[in-house]
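Counting starts at 1 for both ligands and their atoms, following the listed order. Below, each value reflects all heavy atoms present in this structure, side chains not excepted, and no hydrogens, waters or symmetry copies. In this text the structure is predicted, and so the values were computed from the model without any measurement.
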Amino acid sequence: MKQRLLFLGPPGAGKGTQAQRLAESQGLLHLSTGDLLRAEVAAGSELGQEAEAVMARGELVSDALVLAIVRSRLQSHAGGWLLDGFPRNVAQADALAQLLEELGQQIELVVLMELDDAVLVQRLLSRGRADDNEAVIRHRLEVYRQQTEPLIAYYRERGLIAPVEAAGTVQEIEARIASVLG
Ligand code: AP5
């Protein structure tokens with residue numbers, strides 16, 4: 001099975017839910033930049049203080065800050081990994097490509113989770129995280145369309161995109177993902 005993966009998709013598509021399950025079952029490193037940033041915020045670190053207001057608005061934290069987090073984690077890990085919520089724009093994707101070249105590694109597949117906006121918004125409103133109120137969710141979706149969606153073409157050109165329908169139960173989606181991973 002493929003061992004070096006990206007999970008791409010809009011907020012609420014279920015990237016974190018599915019990434020965590022797959023990482024546990026396959027022994028992969030689950031690297032969620034959102035979770036790592038929230039941990040920094042909770043710890044009150046300098047990095048967390050810098051990120052907190054940006055996250056509350058539903059905007060993207062600076063590339064340099066996120067890249068530093070990813071670089072340190074990937075450099076110290078030899079096995080397979082699953083990146084969730086990173087990269088988020090073309091600059092981050094280019095920086096990841098450069099980092100992986102340095103490490104002599106390659107992305108094996110980009111799992112693209114696709115879901116209607118109405119379902120996304122409903123899922124996030126039911127969760128109620130600090131950035132899950134309706135206005136911020138709409139803004140996160142806009143940021144996704146403008147900055148992250150271009151990565152679909154970016155990775156399609158590289159022959160890496162595997163679309164997965166993200167509606168249905170967690171188990172149904174898990175089975176669809178397993179089937180694209182081979
Ligand atoms: P991040 O934490 O990455 O949030 P997101 O992309 O907005 O994604 P979500 O966690 O909201 O959704 P998800 O697709 O992971 O779905 P989940 O499984 O949680 O980023 C947050 C912020 O951090 C960003 O706005 C930005 O500020 C900053 N940030 C992070 N990465 C960055 C980067 N690389 N660069 C710059 N800034 C960055 O599921 C959602 C809900 O639905 C849950 O309640 C779940 O239980 C439920 N659910 C899941 N699957 C199902 C299902 N099949 N049926 C019903 N409910 C389901």
Side-chain angles (χ1 to χ4, degrees), residues 5-24 30-42 47-74 81-97 99 107 110-152 154 163-178:
L5 311 168
L6 304 190
F7 271 30
L8 185 63
K15 303 180 295 294
T17 303
Q18 295 295 335
Q20 190 181 356
R21 294 171 76 91
L22 183 66
E24 270 173 26
H30 174 200
L31 215 165
S32 156
T33 44
D35 286 350
L36 292 168
L37 288 166
R38 279 184 290 277
E40 296 287 344
V41 171
L47 194 155
Q49 286 172 28
E50 199 183 314
E52 188 170 15
V54 180
M55 293 172 78
R57 289 196 302 271
E59 285 166 13
L60 296 186
V61 172
S62 85
D63 293 343
L65 206 155
V66 173
L67 277 165
I69 293 179
V70 173
R71 173 176 279 276
S72 74
R73 298 294 195 293
L74 285 188
W81 39 256
L82 199 169
L83 304 187
D84 156 20
F86 175 88
R88 218 50 171 230
N89 57 31
V90 170
Q92 290 184 9
D94 284 340
L96 174 64
L99 171 62
I107 298 165
V110 178
V111 175
L112 171 63
M113 300 189 61
E114 299 180 307
L115 192 62
D116 288 347
D117 281 9
V119 186
L120 299 172
V121 173
Q122 211 39 59
R123 278 189 189 174
L124 295 176
L125 286 174
S126 323
R127 177 175 63 182
R129 202 170 69 193
D131 56 348
D132 283 341
N133 67 72
E134 184 138 14
V136 174
I137 292 170
R138 296 272 171 215
H139 188 54
R140 281 159 59 200
L141 278 169
E142 243 172 71
V143 169
Y144 174 77
R145 304 276 177 242
Q146 286 171 8
Q147 302 200 43
T148 310
E149 220 167 46
L151 294 181
I152 299 174
Y154 180 102
V164 168
E165 169 62 57
T169 66
V170 168
Q171 290 75 14
E172 284 166 347
I173 300 159
E174 189 175 25
R176 286 178 206 139
I177 292 173

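Residue contact check: Thr33 has heavy atoms under 4.0 Å from atoms 30 (C), 31 (N), 32 (C), 33 (C), 34 (N) of ligand 1. Short contacts between ligand 1 and Thr169, defined as distances under 4.0 Å to a heavy atom of the residue, involve ligand atoms 53 (N). Here is the list of ligand 1 atoms found below 4.0 Å of a heavy atom in Ile173: 53 (N). Near Gly85, meaning under 4.0 Å from any of its heavy atoms, are these atoms of ligand 1: 31 (N), 32 (C), 33 (C), 34 (N). Interface of Gly16 with ligand 1, defined as ligand atoms under 4.0 Å from a residue heavy atom, comprises 13 (P), 15 (O), 18 (O). Counting the atoms of ligand 1 from 1 in the order shown, those under 4.0 Å from a heavy atom of Leu37 are 28 (C), 29 (N), 30 (C), 38 (C). Residue Glu59 has at least one heavy-atom neighbour below 4.0 Å for each of these atoms of ligand 1: 25 (O), 26 (C), 27 (O).
The shortest side-chain heavy-atom distance between Phe86 and Ile69 does not fall under the 4.5 Å cut-off. Proximity of Leu6 to Trp81: side-chain heavy atoms (C-beta onward) are separated by under 4.5 Å at one or more points. Proximity of Glu40 to Glu50: side-chain heavy atoms (C-beta onward) are nowhere separated by under 4.5 Å. Side-chain contact between Val111 and Leu82 is absent, with no heavy-atom pair separated by less than 4.5 Å. Two residues are said to be in side-chain contact when any heavy atoms from C-beta on lie closer than 4.5 Å; Arg145 and Asp117 meet this criterion. With a 4.5 Å cut-off on side-chain heavy atoms, Val110 and Leu5 do not count as touching. Proximity of Met113 to Arg176: side-chain heavy atoms (C-beta onward) are nowhere separated by under 4.5 Å. Ile107 has its side chain within reach of Leu96: a pair of non-hydrogen atoms, C-beta onward, lies under 4.5 Å apart.
Gln18 places a side-chain N or O within donor-acceptor distance of the main-chain N or O of Val170, the cut-off being under 3.5 Å. With hydrogens and angles disregarded, a donor-acceptor distance shorter than 3.5 Å links the side chain of Arg140 to the backbone of Asp131. In terms of modelled atom types and a separation under 3.5 Å, the side chain of Asp116 and the main chain of Val119 share no donor-acceptor contact. Using modelled atom types, one side-chain atom of Lys15 and one backbone atom of Pro10 make a donor-acceptor pair closer than 3.5 Å. Put simply, the side chain of Arg88 never gets that close to the backbone of Gln147: no donor and acceptor are under 3.5 Å apart.
The residue Val143 has no part lying near ligand 1, judged by heavy-atom distances below 4.0 Å. Only the side chain of Gln92 comes within 4.0 Å of ligand 1, judged by heavy-atom distances. Proximity of Val66 to ligand 1, defined as any heavy-atom pair under 4.0 Å, is confined to the side chain (atoms from C-beta onward). Looking at Asp63 against ligand 1, nothing comes within 4.0 Å, counting heavy atoms. Proximity of Leu124 to ligand 1, defined as any heavy-atom pair under 4.0 Å, is confined to the side chain (atoms from C-beta onward). When heavy-atom distances to ligand 1 are checked against a 4.0 Å cut-off, Arg129 comes that close only through its side chain, counted from C-beta outward. Counting heavy atoms closer than 4.0 Å to ligand 1, residue Met113 contributes nothing at all.
When Asp132, Val61, Leu125 are ranked by how near their heavy atoms come to atom 36 (C) of ligand 1, first place goes to Val61. Of the listed options Glu174, Glu172, Arg88, Arg88 places a heavy atom closest to atom 1 (P) of ligand 1. The heavy atom nearest to atom 48 (N) of ligand 1, considering only Arg140, Lys15, Gln18, Arg123, is found in Arg123.
What sits closest to atom 22 (C) of ligand 1 on the protein, heavy atoms only, is Met55 CE, 3.9 Å. Of all protein heavy atoms, the one lying nearest to atom 16 (O) of ligand 1 is Gly14 N, 3.1 Å. From the protein, the heavy atom lying nearest to atom 40 (C) of ligand 1 is Arg127 NH1, 3.8 Å. Of the protein's non-hydrogen atoms, Thr17 OG1, 2.5 Å is the one closest to atom 18 (O) of ligand 1.
The closest approach between any non-hydrogen atom of Pro10 and ligand 1 is below 4.0 Å. Remark: distances from the non-hydrogen atoms of Ser126 to ligand 1 are all 4.0 Å or more. For the ligand labelled ligand 1, residue Ala13 lies inside the 4.0 Å heavy-atom shell. At least one heavy atom of Arg38 sits closer than 4.0 Å to an atom of ligand 1.
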Evaluate the side chain to side chain contact (heavy atoms under 4.5 Å, CB included) criterion for residues Val70 and Leu36: first the C-alpha distance (whole Å), next the side-chain angles of each, then the deciding distance (0.1 Å), finally the verdict. CA-CA 9 Å; Val70 173; Leu36 292 168; over 6 Å; no
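Residues Arg138 and Glu142 are not paired through a salt bridge, judged by the lack of any N-O separation under 4.0 Å between the basic side chain and the carboxylate.
Here Ala91 pairs with Asp63, Asn89 under the side-chain contact (heavy atoms from CB on, under 4.5 Å) rule; sequence neighbours left out.
Here's the thing with Gly12: one of its N/O atoms is less than 3.5 angstrom from an N/O atom of ligand 1. Considering backbone and side-chain atoms alike, Gly168 places an N or O below 3.5 Å from some N or O of ligand 1.
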